[in-house]
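Working notes, structure below.
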Amino acid sequence: MAKPFLQIKNLAVDFATRRGVVHAVDDININLNKGEVIAIVGESGSGKSVTAYSILNLLGNNGKIAKGSITFDGMNLENPSASLLKDIRGREIAMIFQNPMSTLNPIRKVGDQLSDMLRQHAQATNQTAPRKVIELLHKVEIQDTRRVTNAYPFELSGGMCQRVMIALALACNSRLLIADEPTTGLDVTTQKSIMDLIMGLVKHRNLAVILITHDLGMAYQYCDKFVVMEKGQVVEACDDHSLFTSPQHSYTKKLLAATPGISSKVEHLTPTVPVELSKPAVEIEKKELLKVEGLVKTYILKSQGGFKSQGNTFNAVDGVNFTIYQGECVGLVGESGCGKSTTSRLIARLEQPSEGRILFLGEDIGQVSDRDFIRSPRRKDIQMVFQDPTGSLNPRHSAFQLISEPILRLQKDFNKANLKDQVYQLAEKVGLPLELIYRLPHQLSGGQKARVGIARAIALNPKLLILDEPTSALDVSVQAIVLQLLEHLRREHNLSYLFVSHDLNVVRMLSQRILVMQSGKIVESGETAEVMSKPKHLFTKTLLAAIPQLAS
Amino acid sequence: MKHHIFRTAWAGILALSVCATLSSNVIAASREDTLVIVSGASVNSMDIMRVGTNRPSYQVAVNMYDRLVSFGIRSEGNGGYRYDSTVINPELATSWELVDDGTAYLFNLREDATFWDGSRVTAADVKWSFDRAVTLGGFPGVQMSAGGMNSVDQFEVVDELTFKVKMTSSNKLTLPDLAVPVPIVINSKVALANATAEDPWATEYLHKTPAGGGAYMLERWEPGEQLVYTRFDNWKNGPLPAIKRVIVREVPNSSTRRALVEKGDADVALGLPNKDSKELSEADKLTVVSTTIDNSMHAVGLNMNFEPFKNVKVRQAVAFAMPYQKIFDTAAYGLGAKMWGGASTSPTTTVWPQPFPYDTNIQKAKSLMAEAGYADGFEVPLSIDLSFAEWTEPTAILMQESLGKIGIKTTINKIPGASWRTKALVEKGLELHLKNFGGWLNYVDYYFYWVYQKGHLFNSMNYMNPEVEQLVDVTLPMAVEDPRYEKNIKRLMEIGFNDVPLIPIWQPTLEVAMAPGVEGFVNWFHRQLDIRSFTKK
Amino acid sequence: MLAVPSLIGVIVVAFVLTRSLPGDPAVYFAGITADEESIAQIREQLGLDKSIFHQFIVYCKNLTQGNLGVSLNTGQSVASELSARFPASLELTLTGLALALMAAIPLGILAAVNPNTWIDHLCRIFVTAGASTPIFFSGLLLVFVFYYLLGWAPSPIGRLDFFYLSPPKVTGFYTIDAMINGDFETAAAAAKQLILPAITLAIFALAPIARMTRSAMLTAMGSEYVKAATANGIDRRKIIFVYALRNAMLPLLTIMGLVFSYLLGANVLVEKVFSWPGIGSFAVDALVASDFAAVQGFILVMAVMFVVLNLVIDILYTLVDPRVSIDG
Amino acid sequence: MGDLLLNKKVVRNTDTKLDPELSQHSQNSATPEQHDWRQQTWYILSQNPISMFSIVLFLIFILVGITGPFWVPFDPIASDTSIALQAPSFLHLFGTDHLGRDVFSRVVVATRLDLWIALSAVSISALVGTSLGCLAGYFGGWYDRIIGRIADTILAFPLFVLAMGIVAVLGNSLTNVIYATALINIPFFIRVARAEVTIQRNHQYVQAALLSGNTHLRTLVFHIFPNCLPALMVQMSLNMGWAILNAAGLSFIGLGVRPPVAEWGIMVAEGANYIISGEWWLVLFPGLILMLAVFCFNLLGDALRDLVDPQKRT
């Protein structure tokens with residue numbers, strides 16, 4: 001058997017850190033042939049990026065390849081000389097990163113960055129570079145080449161930047177492409193077009209591709225071979241799509257289950273259905289809890305470029321109406337910047353609406369200023385779970401302090417003696433082990449932090465809980481557990497949720513009804529099943545189509 | 001891009017340093033007939049009569065203008081000279097006589113004297129200048145009136161070359177007062193040509209542009225940096241100075257001045273600290289001139305408004321507690337005349353200043369304190385003028401220690417130069433302070449007039465003694481030859497000895513270092529620079 | 001425009017501050033033997049007999065006519081003093097800053113390229129030691145060693161050695177003016193005088209610049225775009241100088257502004273040591289003599305300088321960083 | 001703009017960070033060790049000998065400051081003119097000054113005073129500057145504008161001259177030197193506090209605190225402020241060094257504390273007159289110790305920053 005195009009054998013990478021040497025990955029074996037697309041799938045900390053980076057020796061000052069070999073087309077890359085690296089990087093092996101906005105030099109014109117690349121690898125001379133740059137941009141389907149060449153990265157959208165990155169990667173006809181979460185941080189619609197573009201070019205040139213991703217759906221859709229990693233080890237490798245139908249390793253199974261699909265149910269996100277969710281959900285009686293009428297939030301834009309600008313305003317939320325009934329979960333879906341987060345903060349009374357009414361049990365709480373609302377008896381009725389479990393916990397407070405905070409501030413008849421019991425009960429309710437209760441946030445895992453955030457939010461039995469992307473910063477396996485917890489709490493305590501998310505698949509599982517938001521307006525609303533199966537608005541349709549699905 | 005800038009800058013600096021090494025011989029040529037003087041003081045005006053003109057600027061009046069008369073100069077034998085207040089020499093006036101029963105002076109002006117512009121010096125110029133001095137007010141007016149000249153009516157043009165000064169009564173100070181820097185003769189034609197209706201005395205013009213006929217002319221003046229003189233070759237009012245060009249450069253830092261003269265970069269360094277002066281003269285490479293300043297003493301003032309100091313015993317106790325020798329060694333480095341350890345409580349000679357009859361004697365001081373009822377001592381702030389920290393600070397520290405031994409606890413209060421005058425001399429509110437006064441006119445009664453008479457500016461002690469009041473008033477206009485004069489001043493000194501509102505420590509010196517071959521520094525009563533007498537080999 | 005309130009604040013504070021200075025200027029300038037009458041006369045001449053408020057109005061009125069008053073201490077009009085002395089300070093400060101940049105940026109880059117190695121530590125110790133040295137102390141030591149002991153440097157007596165005449169004023173920078181005038185000898189002499197005081201300033205300025213260069217370079221070198229450029233095989237030199245350094249220029253510009261205005265202030269001490277006829281020594285003398293007009297003029301010039309400096313930094317910022325645009 | 005930033009896209013936390021600390025964190029954090037921070041501190045210090053050095057030096061300075069007056073060989077203010085200006089010897093390690101005082105004793109005793117000046121000045125400015133900066137950073141709007149203007153106005157002054165002016169106006173006493181030094185340090189604390197609060201304000205724990213019923217002021221004081229402390233500590237340490245330099249500069253000009261008190265700046269200023277005449281020890285020793293103290297505080301600032309946030313160190 002001929003040697004594979006790229007062979008990674010028994011690779012181990014060590015990092016020298018403040019806590020001593022960390023073995024980031026160990027005993028990794030990967031084989032890749034020309035024209036093949038391999039996915040390295042794993043959650044955070046699995047070592048999938050480190051594996052990919054070690055191919056180009058991008059391990060930084062403190063990382064080194066401890067063991068094993070990397071052979072690329074007959075060349076040994078585990079201990080490369082500077083000159084070999086110079087020849088390989090960009091020319092033989094190209095790379096695409098996540099966060100295209102920050103991967104391009106922010107103060108250098110796009111055209112210059114492209115021609116740097118071309119000239120570096122002797123693909124163009126000073127004279128031919130401008131023409132070649134335009135050719136490259138055409139290849140990544142950028143029409144407006146003149147503008148883009150002269151633009152700085154901040155003047156382009158994220159999708160456009162990623163196209164430029166792709167152009168950079170493909171400038172030298174390299175033979176291996178490493179794509180590291182190339183669409184993370186992009187909206188789903190953009191995500192799809194970028195992935196389609198990459199795959200089109202790759203197939204056309206018969207490149208070997210390594211796609212690093214946490215998204216099983218994307219791996220399923222675009223790759224031929226799969227490697228699943230966990231904690232620096234390869235737990236399962238598979239050369240075809242049988243991985244998805246008959247996974248061997250328990251971790252793979254867990255991952256597959258936890259990845260929300262078009263038809264998955266919240267109780268099935270874990271391999272075993274939790275007891276709390278085994279009973280079918282109860283019917284919700286239609287009792288109005290919150291009614292939002294004509295909600296508008298206007299921001300004044302700071303002038304850009306001009307010396308003075310008047311009345312340059314922007315409606316982040318532009319006339320939104322909806323209702324939430326008691327015990328119901330309403331999903332609010334949209335892409336970034338559509339105004340969904342602003343809406344949630346307006347309802348949580350963290351911001352002052354510009355216009356419109358927020359009727360909570362018939363009382364217009366929009367009239368009370370956000371500053372005075374702290375003292376309002378309604379304060380404890382509306383609580384929120386935040387998207388970033390790390391950022392939303394004060395790093396200097398222990399879990400106990402964090403959970404007890406609302407009790408101390410808002411509970412009228414609070415009794416010091418009861419406080420401990422009360423907090424312990426809450427911790428139990430959200431499944432936070434009591435031995436962790438005096439730890440500081442940085443000593444907790446992501447899932448545990450999310451539980452603390454939820455415990456804090458439900459401490460005072462709120463009537464309405466706003467979930468602002470509560471799982472978007474979590475790995476899928478953790479997300480699964482948190483979603484189940486939320487569902488369980490809703491059923492048990494008859495809570496009402498406003499579930500804000502960019503991910504239709506996630507929202508769908510928890511919500512009875514869905515609101516789709518675009519540019520500050522709600523463009524479609526209805527029963528979840530209805531919206532998912534028969535979307536009316538074009539935007540909803542695009543959104544649905546763009547989501548990579550596990551099974552097609 | 002950045003790198004190009006750096007490269008160019010480096011290249012420029014290199015090129016400049018190459019140029020610099022090539023050019024040194026050009027400098028050598030011009031050094032021959034130029035005298036470089038470094039001074040710590042800053043000249044702020046070309047016009048001595050202007051409001052706000054500081055003392056260092058008096059050198060302009062001395063060097064660029066002439067007076068009718070001048071004091072004599074005698075050699076001190078150490079390369080330096082001292083003015084002689086007993087001799088009045090002709091300057092612009094060739095001769096003078098007392099007329100009108102001794103109530104007026106008649107001056108005959110030099111016939112061939114010209115201003116720099118070639119025009120003749122006339123009596124009209126003298127009158128205009130003297131009128132200006134008494135009219136403008138402020139310091140020149142005060143100084144003129146010290147010589148009994150208060151009004152323009154006292155000055156009369158007799159003819160083109162004859163000028164008359166009328167006195168209200170006979171006054172021994174009038175003629176010497178005409179030899180001080182203030183009554184200079186200004187080229188009135190030039191000045192009037194630049195006068196305006198608001199400024200009839202051309203103060204704005206003369207402030208920046210001297211118009212005189214003195215031995216030196218102004219070459220350039222960069223305020224705060226330097227003053228460059230060139231010789232006026234047609235000067236007739238004295239022997240033509242030897243040096244063609246004089247650069248007076250301001251170097252505020254005294255150790256830099258020492259370094260400059262030590263390394264031969266400067267010819268004369270003025271105002272050296274005593275310590276440097278002492279070391280340089282010991283090293284014997286340079287000429288160091290150290291001459292005492294007439295009618296001047298570094299002293300301790302005891303304010304009569306402060307309760308304990310009202311008691312003469314306390315004052316004497318302080319005088320006995322002073323660590324004189326220590327102070328003299330540390331603050332003065334042994335340069336100057338000791339003002340303690342006088343043999344007798346009444347003066348035997350008329351020499352002024354002379355040692356007071358006190359010496360360090362803590363035992364005696366303690367018993368005096370006990371007698372005065374202050375056996376346990378008291379607390380008092382000891383104020384010093386920051387501008388003279390060089391001597392005031394070590395003196396104060398040594399005093400503090402010594403006074404502590406007799407129970408007087410002091411805290412040292414540093415007062416910036418700007419507020420010193422107000423606090424010490426105008427408000428007269430400093431209980432215990434270090435001070436210096438030097439009288440321009442070298443008479444004991446003149447000193448007592450300023451320092452011991454009630455209400456006078458330098459009586460920062462609020463001292464009041466009816467006998468002193470009366471004696472000073474009588475003695476001041478009295479001729480030195482008068483037989484009562486000696487008796488009066490001896491009595492004054494005796495009172496000073498016994499009452500000690502002022503405890504003198506030493507008579508300070510002017511310290512000047514000169515490069516080998518340079519001679520001719522004159523110790524003037526005004527302590528300012530006279531460049532006319534310098535010679536350089 | 002944003003600077004106007006600050007400027008007004010500075011004017012008011014400076015006025016109040018100078019009026020509360022101890023000492024009565026009328027007494028001070030009436031001269032050594034003045035009596036009550038002549039002091040009163042001078043007080044009236046100076047307008048000090050009026051109320052503080054009245055004096056402030058007069059001061060503002062004069063200010064609008066560009067009249068900064070007359071320095072009692074030096075006898076010159078404050079405006080002419082400042083215009084003669086400011087270039088001296090500016091020339092010194094700029095030279096100091098340029099020297100500091102020439103040394104500090106390479107040091108900073110060196111440290112950033114070799115983080116946490118002995119090179120890095122050495123750079124850090126070196127520059128920190130510089131910033132920890134009192135500026136008068138280093139100045140004195142430099143004079144002692146290079147002038148007094150070794151005789152390499154010219155005498156510390158200001159902008160030109162004796163015997164050189166200051167060149168006709170164009171920019172007020174002696175080195176430049178002399179060169180414009182074709183007088184290279186004087187230019188060289190002026191440059192020689194500049195070296196020691198400029199080095200004194202530079203020693204102090206090394207640390208902030210080098211450290212900011214280091215940290216900005218580290219940030220830039222650790223950034224995604226540098227990682228991407230490395231992965232794309234862009235030359236390391238080009239990455240350091242074109243990709244990283246240009247991005248690092250942004251924070252560097254800010255710190256340069258701060259350093260510059262700090263150095264202008266620090267001139268006070270350096271000018272004292274080197275007898276430099278700049279505005280710093282002018283201000284100190286004026287302050288000690290309670291010379292209001294001079295102190296006010298000095299503070300005003302420095303404040304205007306501060307505003308201009310910020311403007312220049314802003315403009316440079318927009319030149320370096322396309323993301324920034326000039327905001328009102 | 002600031003408000004819109006709250007809307008910014010959530011970047012998924014993926015494992016692309018090259019720094020495996022983060023990933024390791026999430027794995028190990030379930031079993032944190034009790035001596036976590038001590039180990040970490042020790043590790044950081046042992047990695048960086050300079051930080052270690054600075055902390056040791058700092059402790060020495062503190063020790064000398066506290067105990068110095070009790071063990072110095074000579075009375076620092078007792079003069080003995082018979083032994084004036086003696087070069088360093090075994091008896092007088094740093095020589096004697098023009099009044100015959102032992103320079104070593106004076107330098108040692110001055111430690112307490114100089115540290116006291118620096119500490120009290122910096123504490124005052126930290127207190128005032130931080131309060132103002134926090135208000136400006138948290139509430140923005142008019143608070144920010146007015147406080148920002150105050151800071152700008154102070155900064156528009158040449159700071160050293162401002163300090164000189166204040167001391168000249170108030171009179172030169174120790175207290176006034178402290179006030180003057182404090183005042184010119186205030187804008188730096190305003191800036192740091194404002195910047196820190198602005199960053200912290202955008203963290204979601206602030207909104208969480210508001211939702212939990214904290215008033216804005218309470219949120220600022222009890223939730224945001226403690227999280228700004230590390231940055232402020234670093235700033236304090238750096239400003240300590242600066243304050244010492246400033247006080248010394250004032251003394252050099254002649255506006256410092258009163259004689260015969262021993263203070264490094266005065267000693268250098270006094271000694272400056274003696275360099276040319278060869279009495280170098282008068283300037284050198286106080287100057288070096290002064291430099292060492294400032295050096296120590298600067299490095300200490302680094303060390304603190306290193307402990308607090310390794311990424312930010314410059």
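None of the values given here were measured: they were computed from a predicted structure. Every chain is numbered from 1, with letters handed out A, B, ... down the list of sequences.
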Item to check | Separation between CG of C:L287 and CG of D:L162, rounded to the nearest 0.5 Å | outcome: 10.0 Å
Item to check | D:F295 vs C:I125, side-chain contact (heavy atoms from CB on, under 4.5 Å): CA-CA, chis, key distance, verdict | outcome: CA-CA 9 Å; D:F295 189 63; C:I125 289 183; 3.8 Å; yes
Next on the checklist: Distance check, rounded to the nearest 0.5 Å: D:F157 atom CZ versus C:I299 atom CD1?
Outcome noted: 5.0 Å
Checklist entry - Given that the side chain runs from C-beta out, which part of D:I275 has a heavy atom under 4.5 Å from chain C: side chain, backbone, both or neither? => result both
Next on the checklist: Restricting to non-hydrogen atoms, name the atom on D:D152 and the atom on C:F306 that form the minimum distance, rounded to 0.1 Å.
Outcome noted: O-CE2, 4.2 Å
Checklist entry - Less than 4.5 Å apart, any side-chain heavy atom of C:M302 and any of D:V161? => result no
Checklist outcome for this item: Okay, C:V273 and chain D: the region with an atom under 4.5 Å from a heavy atom over there is side chain
Checklist entry - Could you give the distance from CG (D:L155) to CG (C:L258), rounded to the nearest 0.5 Å? => result 7.5 Å
Item to check | Beyond-backbone contact of C:F204 with D:L245, side-chain heavy atoms, under 4.5 angstrom | outcome: yes
Item to check | Side-chain touch C:T128/D:F297, heavy atoms, less than 4.5 angstrom | outcome: no
Checklist entry - Of the backbone (N, CA, C, O) and the side chain (C-beta and beyond), which part of D:L292 lies under 4.5 Å from a heavy atom of chain C, both, or neither? => result neither
Checklist entry - Where does the angle between the aromatic ring planes of D:W242 and C:Y262 fall among parallel (under 30°), tilted (30 to 60°) and perpendicular (over 60°)? => result tilted
Next on the checklist: Please evaluate residues C:L140 and D:F252 with respect to the criterion side-chain contact (heavy atoms from CB on, under 4.5 Å), reporting the C-alpha separation (whole Å), side-chain torsions for both, the decisive distance (0.1 Å), and the verdict.
Outcome noted: CA-CA 12 Å; C:L140 283 170; D:F252 183 75; 4.2 Å; yes
Checklist entry - Atom CG in D:L284, atom CG in C:L141: separation rounded to 0.5 Å? => result 6.5 Å
Checklist entry - Say you draw a straight line from CD1 of D:I166 to OG of C:S20; how long is it, rounded to the nearest 0.5 Å? => result 10.5 Å
Checklist entry - If you count heavy-atom pairs under 4.5 Å between each of C:A207, C:S261, C:P134 and chain D, which one has the most? => result C:P134
Checklist entry - For the atom pair CZ (C:R124) and OG (D:S51), what is the distance rounded to the nearest 0.5 Å? => result 5.0 Å
Item to check | Side chain, backbone, both or neither of C:I135 within contact of chain D (heavy atoms, under 4.5 Å) | outcome: neither
Next on the checklist: Suppose a student defines contact as a heavy atom less than 4.5 Å from any heavy atom of chain D. Which residues in residues 9-17 of chain C would they list?
Outcome noted: C:G9, C:V10, C:V13, C:A14, C:L17
Checklist entry - Out of C:F137, C:F144, C:F136, which residue meets the side chain to side chain contact (heavy atoms under 4.5 Å, CB included) rule with D:V283? => result C:F137
